[in-house]
Amino acid sequence: MNAIPKPDLAPPAAPDSAPKGAPKTGAELVVACLRAQGVEMVFGYPGGAIMPLYDAIPGSGLKHILVRHEQAAAFAADAYARATGKAGVCLATSGPGATNLLTGIANAFMDSVPMIAITGQVPSSLIGTDAFQEVDIFGMTMPVVKHSFLVRKAEDIPDIIAQAFAIATSGRPGPVLIDLPKDIAQSPITKARPAPRAKAAPKPYTAEALADAIAMIGQAKRPVLYVGGGVAKAGAVEALRRYNMLAGIPAVATLTGLGALPTNSKDFYGMLGMHGSKAANTLVQEADLLLVCGARFDDRATGKPDAFAPHAKIIHFDCDPAEIGKLRAADIAVPGDLKAALEGLPAHILDISPWRERARNLGQKHAFDYNAPGAGIFAPAFLKRLSEAAGDNFVAACDVGQHQMWVAQHCRFSRPEAHLTSAGLGAMGYGIPAGMGAKLARPDDCVVTITGDGSIMMNIQELATLRRYGINLKIVLFDNATLGLVRQWQELFYEGNFSEIDLYDNPDFADVARAFGIEAFTVSRREQMDGAIARLLATTGPVLAHVHINPRENVWPLVPPGKSNIDMMEH
Amino acid sequence: MNTQTLSVELQPAEGAVLRLIGLVERRGFEVRSINLPASTGSLRLDLGVRARDTARTIETLHRQIKRLSGVCRVSETPFTLTNSQGGGDEQNQHKSA
Ligand SMILES: Cc1ncc(C[n+]2csc(CCOP(=O)(O)OP(=O)(O)O)c2C)c(N)n1
């Protein structure tokens, strides 16, 4: 689908279409600095305090995507960053615009995503006076940013922007806030110029630590590779794959580590943790050594911490020294450059055949079963088939709930960028804006948002953005007419006391999509599944498949809260 | 639980002190004392901190402070700023407990 042609809202143009020269205001300097950092696209929403910046955007070469809620700007910028490895940029005005960004900033923080959030602020002289649309966004975001700046002088802009990008993208990435008072954006500037970009190289690991690690690996009889999201962030995917292929160590991944090893690779046993595979959790339970790569012992991954990998020594590789020993002491810590450290491991097959055999048996014994009873569509089977049909170009942008866990369990991923998920924050509403950001970043990929009937309503207004820019996102909406994951917990752990999870009166989502000008169709019977997948993949414009599923379907297996990963319920 | 002391050298940027103290509180410690001597260049803050539960270690807090932008130096023994140049944090030991 093509973008909607834009009506011309401008008054008759002044005869000044010459390319802009040197920046003349703080706002123009911000835009020039963003361009100098290589920024091509920003996501945002205008308003009073940020109007000077919006005034500087037309004709600047910066492509601005107008979202319909600032939260979506932050989520889209986050996914744009995950898909490209570059910092994503979002803009919002002061007050409500800034607070609407907050969830998205927290999301980027929890998943270590490089992002620059620029907020307008009331004029400097009004800061601290409870001015109209004044909030202390600098203070409010402090717990969820890697760093933040409040711009006090226009001539500081080049340095602040250069620092912001360097901080956001270096080491363990994260979001950086730049709060820009209106008077600073408006103030004339004379000499300031964009500063060069500067990303710090990763800190080297220490050779002694690596030597100790190599010796310990040599002693292990039952080693397991525990792969986290830090592997892809460190650019260490190839190094990990090569090592894993040659050493032949059984591997498991966290939610953000999926795709670092291809789903189908022979020593990969899936996700560990609460909704992980039984094979992955059993392997970790029996391991005598965990090689932890870019992971942080998140509670969703470990279950009850003192029962996690009880027999294992720990070698912890991470670029962030503050993660080492935070939740589980490391026997050997290798902080620093993960890629170089993995490349430094001797890549020869380990003498662990009985363990490999054990892993293979576990993998076969606990393979997922796709033969569900009934005549309805079984979401796990749909997802598996969809991801296989889409192939190596497949990118899943998930919302949060049962469908998110099914994506993690059942989709085939051939690279880490193929799986965009709100892992640390678990923010419903991520799916559509994330799909949007990813598709804009990688127009040739087959980007599919997988959402639920609860989650889609949290950012459904972005269908208008898809339509406006002709963003060819595919959306699969699994409609179980409930808040499924909450319903599952109420069924299993709250004695079936179903409280406020029933969404029986949802609108007809296909009609809603059509009202936004998006093609949509509805399916519910199993024999419609292949046709639905084929239609999704064949449609060139944005399209929504509304898929009715059994409201009582649960995600299996599951580690009950407070239990060890080995105590998985399987149905 | 005992009160422990951390000396932190940081750049005097907007929010720097708030960022530091906020981190200490959020990561499971109480701030029991603060000393911030007047200075012209970088700031030195001595913080008396106490863990709110036994799972929190000063080593982790130390590293979390160390990774803040604008923090130049963290030490569990007080230092003076005059000879702080080139001191830096002791390298993160590669063997932890
Ligand atoms: C913003 C936000 N609010 C609440 C939750 C808690 N929550 C987690 S999953 C879930 C239900 C999601 O329902 P739906 O999107 O329909 O997905 P399903 O579980 O049915 O697949 C809720 C309410 C959350 N994760 N995020």
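Order of the sequence lines fixes the chain letters, A, B, ..., with proteins taken first and strands second; residue numbering starts at 1 for each chain.
- Applying a 4.5 Å heavy-atom cutoff, the residues of residues 17-30 of chain B that approach chain A are B/L18, B/R19, B/R26.
- Looking at residues two or more places apart in sequence or on another chain, you find no ring pair (Phe, Tyr, Trp, His ring centres under 6.0 Å) involving A/F317.
- Ion pair A/D337/A/K203 not flagged as a salt bridge, since none of the NZ, NE, NH1 or NH2 atoms sits closer than 4.0 Å to an Asp/Glu carboxylate oxygen.
- Checked by atom type, the side-chain pair B/S42/B/E9 shows a donor-acceptor distance below 3.5 Å.
- At a 4.5 Å heavy-atom cutoff, the contact between A/I167 and chain B is made by side-chain atoms alone.
- Looking at B/E59 and B/R63, no side-chain N of the basic residue comes within less than 4.0 Å of a carboxylate O on the acidic one, giving no salt bridge.
- Counting heavy-atom pairs closer than 4.5 Å to chain B, the top residue among A/K146, A/E323, A/M142 is A/M142.
- Taking the six-membered ring for Trp, A/F149 and A/F138 have ring centres at least 6.0 Å apart.
- Taking the charged nitrogens against the carboxylate oxygens, A/D298 and A/R296 do have a contact shorter than 4.0 Å, which makes a salt bridge.
- Expressed to the nearest 0.5 Å, how far NZ of A/K233 lies from CZ of A/R172 amounts to 8.5 Å.
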